[in-house]
Structures are given as structure tokens and as C-alpha cells.
There are 2 protein chains.
Amino acid sequence: MSSQKPKVVISERTIGRLSLYRRLLNDLQAQGERNIYSHELAAMIGGTAAQIRRDLMAVGYSGSPTHGYDIRELVLSIGNFLDAPHMQGVALVGVGNLGRAIMAFFSGRRPRLAIAAAFDNDPYKINRVIHGCRCYGIEDLSRIVQEQGLEVGILCVPSQAAQDVAERLVRAGIRGILNFAPIPLRVPANVYVEDIDMTMSLEKVAYFGRQHANKEGLK
Amino acid sequence: MSSQKPKVVISERTIGRLSLYRRLLNDLQAQGERNIYSHELAAMIGGTAAQIRRDLMAVGYSGSPTHGYDIRELVLSIGNFLDAPHMQGVALVGVGNLGRAIMAFFSGRRPRLAIAAAFDNDPYKINRVIHGCRCYGIEDLSRIVQEQGLEVGILCVPSQAAQDVAERLVRAGIRGILNFAPIPLRVPANVYVEDIDMTMSLEKVAYFGRQHANKEGLK
DNA sequence: ATTATTGTGTGAAGAGATTCACAGTGTGAA
DNA sequence: TTCACACTGTGAATCTCTTCACACAATAAT
Ligand SMILES: NC(=O)c1ccc[n+]([C@@H]2O[C@H](COP(=O)([O-])OP(=O)(O)OC[C@H]3O[C@@H](n4cnc5c(N)ncnc54)[C@H](O)[C@@H]3O)[C@@H](O)[C@H]2O)c1
Ligand SMILES: NC(=O)c1ccc[n+]([C@@H]2O[C@H](COP(=O)([O-])OP(=O)(O)OC[C@H]3O[C@@H](n4cnc5c(N)ncnc54)[C@H](O)[C@@H]3O)[C@@H](O)[C@H]2O)c1
């Protein structure tokens with residue numbers, strides 16, 4: 001009966017960094033580390049200790065002045081805060097070059113947030129099993145999403161098809177979309193969209209690579 | 001002899017949006033549009049007109065109160081501002097699932113910023129031509145980067161190899177890296193790094209998808 | 001027991017990004 | 001020619017995010 005929502009709204013930036021912290025902490029834990037200070041974690045990501053402490057306020061886990069944070073407990077606390085209480089299944093649409101690479105990458109990685117079904121409109125791909133995941137025809141999207149209660153979509157179809165597929169995902173009940181198609185999607189405000197725009201990123205790198213070229217020193 | 005650098009430093013956010021504006025404007029131009037107002041462009045990307053006008057201050061192209069911006073001229077002005085005066089070649093390292101998808105995607109797309117060479121350490125891949133691009137052994141990286149004057153790197157190798165490859169790229173003279181490996185790279189401050197962290201993005205979508213679920217209305 | 005040390009949690013200050021709001025301007029209508 | 005209009009460019013206000021700086025806490029050394 002307690003509110004599932006956080007009292008204050010947490011920024012996108014903070015959520016992203018928490019995800020990153022958790023991954024780094026998992027690696028440290030695997031290497032046998034037990035404790036960590038905010039300034040050590042900060043050094044790993046090239047940030048400030050204050051920022052890390054500020055971010056961790058959101059998850060409500062407190063460290064100790066003398067031993068910093070207990071890595072195991074912190075990982076659990078971040079998971080508790082970031083992850084859904086239930087499993088969240090993911091639907092991927094567009095089993096092309098990028099879609100298959102993503103399926104390979106996420107296969108077996110995050111059990112709580114796994115790609116549960118893939119969709120395409122190419123008859124050659126439909127009904128194949130790719131990286132452990134069944135590929136369905138796009139006309140089955142709504143049914144499968146509802147049957148399996150999928151909440152997140154990954155959109156890897158060509159630009160021309162992207163808006164149409166986004167609308168199908170929304171109609172099927174998807175609540176968030178990770179969009180790789182290089183066009184802005186129009187969706188209702190209650191659906192969250194994150195764009196990954198590689199062309200934009202590459203142009204940023206080209207631009208700032210030039211700008212940075214005359215700075216000195218080690219980061 | 002005039003300064004190649006902008007007088008004031010332009011934010012990463014603005015550079016990213018300029019890249020996006022250019023792509024949308026190119027599409028509009030292809031559809032035969034001639035002019036556009038800031039509020040129209042804003043509507044396309046779900047932003048505000050003021051933001052677009054503010055961003056365009058950086059490129060130094062002025063619109064007209066009566067016809068808005070001339071699309072053709074604006075595209076040229078943005079290009080003039082964003083693009084290097086010379087061609088910038090790109091080196092991609094890690095011709096795996098993701099690397100090949102990216103090579104396919106960028107192949108023939110941006111002539112001024114094209115993937116000029118690929119590198120891997122898998123003998124099976126070396127000397128093959130993939131999507132019109134030759135794959136070299138990693139030991140040839142420095143030589144090829146220097147011979148061809150490549151300035152930008154795309155890093156698609158497994159995490160364990162990422163720091164080593166980043167250092168090779170930096171030593172070879174690369175000035176900016178687009179990093180897909182999910183670990184923070186340590187590079188000198190005069191090298192710009194942009195990370196694309198799909199796991200982080202997917203977790204953000206899962207988190208905010210849940211949060212947004214009870215908002216109403218159209219975006 | 002006391003003290004010195006080192007780090008946490010957080011209010012407040014600072015920096016940075018976005019939005020507001022309005023003077024200035026080019027155009028078409030009267 | 002004058003006016004009304006709709007938009008641009010930009011200083012100032014606002015909002016958001018980051019960093020500072022310090023009270024407080026846990027321990028180790030004495
Ligand atoms: N490959 C990359 O590295 C890369 C990089 C950046 C962006 N993108 C974007 O990601 C998207 C996919 O890229 P890709 O390289 O994988 O392309 P691709 O052509 O290899 O794959 C597209 C897939 O989508 C399927 N498809 C097309 N229309 C469909 C529809 N209406 N419903 C369902 N499936 C449909 C096709 O059958 C195909 O399997 C594109 O929008 C592209 O711009 C790709
Ligand atoms: N596939 C995805 O969609 C995806 C998504 C997010 C992140 N990533 C990241 O991108 C990177 C590559 O992913 P992938 O799926 O293409 O992996 P992959 O295993 O398919 O490809 C990796 C490639 O790198 C090459 N390689 C390994 N060590 C090397 C070295 N020292 N020098 C040169 N080449 C080397 C391998 O031969 C292989 O061709 C990984 O860091 C992965 O975490 C991939």
C-alpha cells in the first residue's frame with residue numbers, strides 16, 4: 001500500500017548514473033572488493049565525490065564515514081530503487097543488422113530486463129529463433145505484448161517504418177521505447193522515449209575532437 | 001587567418017541538436033520545402049522555438065521575420081559550422097556484431113565523415129572487405145591512421161580490450177572516440193570521448209516507462 | 001577517555017541550460 | 001504611405017544540475 005513512486009522526482013541524469021554505478025560496483029564485487037568511498041567511485045567515472053553522494057541520496061542507502069559504502073549492500077539498494085518489483089519484458093522490433101547485434105548483446109545479461117520477443121515484417125525472419133529469442137510477425141505484436149505483459153520496446157526498424165511501429169507499440173501497451181531510428185517519434189506523454197542517435201553522436205565526436213585538440217594534460 | 005575556433009564555447013547539447021536540425025532540414029528539403037519557422041522546427045522535435053533560435057545563434061545564420069529560415073542556406077550554414085573544413089576519416093575497431101552493423105549503417109551515408117578503415121585482431125576478419133571497407137589487423141592501426149590522417153575512432157571491442165584499444169587510438173593520433181564498450185575510458189584531456197551505453201539507456205527506459213505510466217495527454 | 005583523522009549527508013552557492021518577453025524588422029494589405 | 005502582423009534575435013529571468021563547504025559520525029591512535 002506504500003507509494004511505489006519516489007517522493008521527489010529524480011533526474012534522468014541521476015538515473016543514468018545510478019545504472020552505471022551499479023555496473024561498476026558489480027565488477028568490483030566480482031573482483032573481491034568489499035567497500036568503496038565516494039571519491040574512489042568518482043575517480044573511476046571521472047566525476048566528483050559530491051555528485052556520487054548526491055545521486056545516492058535518491059536510493060536511500062547510507063555509507064559509513066569510516067568504511068564508505070558496503071558494495072554488496074549498495075548494489076542491492078540501487079537495484080531495489082532502479083528495478084521494477086516485477087520482471088519487465090522487452091519487445092524488440094526490427095531484426096536487422098542492429099536488431100540482431102542488440103539481441104546478441106542482451107541475451108542472458110539482465111534476467112530482470114530481458115528481450116522476451118522480437119518482431120519483423122520480413123517473412124524470412126518470422127518464426128526463426130535468434131539468440132534464444134523467437135521472432136514473430138509484426139501483426140502478432142499486440143497479442144504477444146499483452147500475453148507476455150511486455151512493458152519496454154526497442155525500435156530498430158528503418159526510419160520510414162518507425163512512427164508506425166511506435167504507434168503499434170503504444171497501442172499494445174508498451175510504456176517506454178528505446179529508439180534507434182534517426183527520427184523523432186510522436187507518442188503520448190505517458191510513454192517515455194529515449195533516442196540513441198549514432199549519427200548525432202559521431203558528429204559530436206568529430207566536432208569536439210577538433211575543439212579539444214589543443215587542450216593539454218591527463219583527464 | 002581568421003580564428004577557426006568559435007569565440008564562445010558551444011555546449012554539447014547545442015552541437016547535438018544542430019546535428020539533428022540539419023538532418024531534419026535535409027529531409028524537408030528533399031520533400032521540396034523551401035522555408036521554415038523556428039516554431040515549426042520546434043514542433044518536429046518536441047522542443048521550443050526559443051531553443052532553436054538560441055541554438056542557431058551559434059551558427060551565425062539569420063532568418064527573416066517574414067519567411068523564417070531558408071532551408072537550403074540554413075543547412076549549408078550548419079554544415080559550415082559543424083563540419084571540419086577538411087574531410088574527417090573514421091577508424092572503427094572491433095568488427096563484431098555491433099561493428100558490422102555500424103559499418104553497414106554509415107556506409108555511403110556521410111561522405112565528409114566516412115568510416116575509412118576497420119581493425120580487428122581476429123585473423124579470420126583481417127584483410128576482408130566489409131561493407132566497402134577494408135579490415136586491417138590491430139597492429140596496423142597506428143600506421144593506417146597516420147597514413148590516412150584519420151581523426152575519429154569508433155570503439156566496438158569487448159570491455160576487457162577497450163582501454164588498450166583506446167590507448168592505441170590515442171597514440172595513433174585520434175582526437176575523438178565514440179565508445180560503445182560499457183566501461184569508462186581513461187584518455188588524455190585533449191581527446192574527446194562520447195559513450196553510447198545501451199544498457200544504461202535501456203534501464204532508463206524501464207525506469208521512466210514505469211514513472212510516466214500515469215501521466216496523461218499527447219506530447 | 002580523549003583526540004585526530006577521514007569520510008558522509010546535505011543546505012546553500014554557483015554554474016549552466018532553457019524559457020520568457022520584448023524591441024526590432026521585413027512584408028503585404030489598405 | 002501607413003499600419004498591422006508574425007516572426008526573429010537576444011538580454012534577463014527562471015529552472016535545473018553540479019559543486020562547495022561544513023556539521024556530524026565512526027574509528028584508530030594515544
Ligand atoms: N545499423 C546500425 O548500426 C544503425 C546505427 C544507427 C541507427 N540505426 C537505425 O536503426 C534502424 C535499423 O537499422 P539496421 O541497420 O538494423 O537496418 P536493417 O535494414 O538491417 O534492419 C531493419 C529491419 O527492420 C525490418 N522492418 C522493416 N520495416 C518493418 C516494419 N514495418 N515492421 C517490422 N519490421 C520491419 C526489416 O525487415 C529489417 O529486418 C534504422 O532506423 C537505422 O537508421 C542503425
Ligand atoms: N552488440 C551490441 O548491440 C552491443 C550493445 C551495447 C554495447 N556493446 C559493446 O560493444 C562492444 C562490441 O560488442 P559486439 O556485440 O560487437 O561484440 P563481438 O564479440 O561481436 O565483437 C567484438 C569484436 O572485437 C574484436 N576484438 C576483440 N579484442 C580485440 C582487440 N584487442 N583488438 C581488436 N579487436 C578485438 C573481436 O575479434 C570481435 O570481432 C562490446 O564492448 C559490447 O559490450 C555491444
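- To the nearest 0.5 Å, atoms CD (A/Glu203) and CD (B/Gln88) are separated by 10.0 Å.
- Between its two ends, the helix from C/dA1-D/dT30 to C/dA30-D/dT1 turns its axis by 0°, counting five pairs per end and rounding to 10 degrees.
- Evaluated for a side chain to side chain contact (heavy atoms under 4.5 Å, CB included) with A/Cys133, the options A/Leu92, A/Ile115, A/Val95, A/Val90 yield exactly one hit, A/Ile115.
- Residue A/Thr14 is classed as having no contact, given no heavy-atom separation below 4.0 Å to the nucleic acid.
- In the set C/dG24, C/dG9, D/dG9, the nucleotide with an atom closest to the side chain of A/Tyr69 is C/dG9.
- B/Gln29 and B/Glu33 form no side-chain donor-acceptor contact under 3.5 Å, judged by distance and modelled atom types alone.
- Among the nucleotides C/dT8, C/dA17, D/dC17, the one closest to the side chain of A/Ser38 is C/dT8.
- Between A/Tyr37 and D/dA26, a side-chain N or O to OP1/OP2 separation shorter than 4.0 Å is absent.
- Computed from coordinates, the A/Ile52 CD1 to C/dT10 C1' distance equals 16 Å when rounded to whole Å.
- Taking only side-chain atoms of B/Thr48, from C-beta outward, the nucleotide of D/dA26, C/dT19, C/dG11 with the closest atom is C/dT19.
- Distances from the side chain of B/Met57 to the nucleotides C/dG26, D/dT10, D/dT18 place D/dT10 closest.
- Judged purely by atom type and a 3.5 angstrom limit, A/Glu194 has no side-chain atom pairing as donor or acceptor with the backbone of A/Asn179.
- Residue B/Arg54 has no polar side-chain atom (N or O) positioned under 4.0 Å from OP1 or OP2 of C/dG16.
- The backbone N or O of A/Phe105 lies less than 3.5 Å from a partner atom in the side chain of A/Arg109, making a donor-acceptor pair.
- Counting to the nearest Å, the P atom of C/dG26 and the CG atom of B/Asn35 are 16 Å from each other.
- Not one side-chain nitrogen or oxygen of B/Ser62 sits closer than 4.0 Å to the OP1 or OP2 atom of D/dT8.
- Rounded to whole angstrom, the span from the NE2 atom of B/His67 across to the C1' atom of D/dG9 amounts to 18 Å.
- Residue contacts shown for B/Thr66 include a base, since a base heavy atom lies under 4.0 Å away.
- No cation-pi contact links A/Arg23 to A/Tyr21, judged by a cut-off of 6.0 Å to the six-membered ring centre and 45° from its axis.
- Distance alone, capped at 3.5 Å, places no donor-acceptor pair between the A/Gln51 side chain and the A/Thr48 backbone.
- Atom CD of A/Glu12 and atom P of C/dA17 are 16 Å apart (whole Å).
- A straight line from NE2 of A/His39 to P of C/dT8 spans 7 Å, rounded to a whole angstrom.
- Following rounding to the nearest Å, B/Gln51 (CD) and C/dC20 (C1') show an atom-to-atom distance of 13 Å.
- Atoms CD1 (B/Ile36) and C1' (D/dC7) sit 14 Å apart, rounded to a whole Å.
- Side-chain N/O atoms of B/Ser64 include none lying less than 4.0 angstrom from OP1 or OP2 on C/dG26.
- Looking at heavy-atom distances under 4.0 Å, B/Arg53 makes contact with a base.
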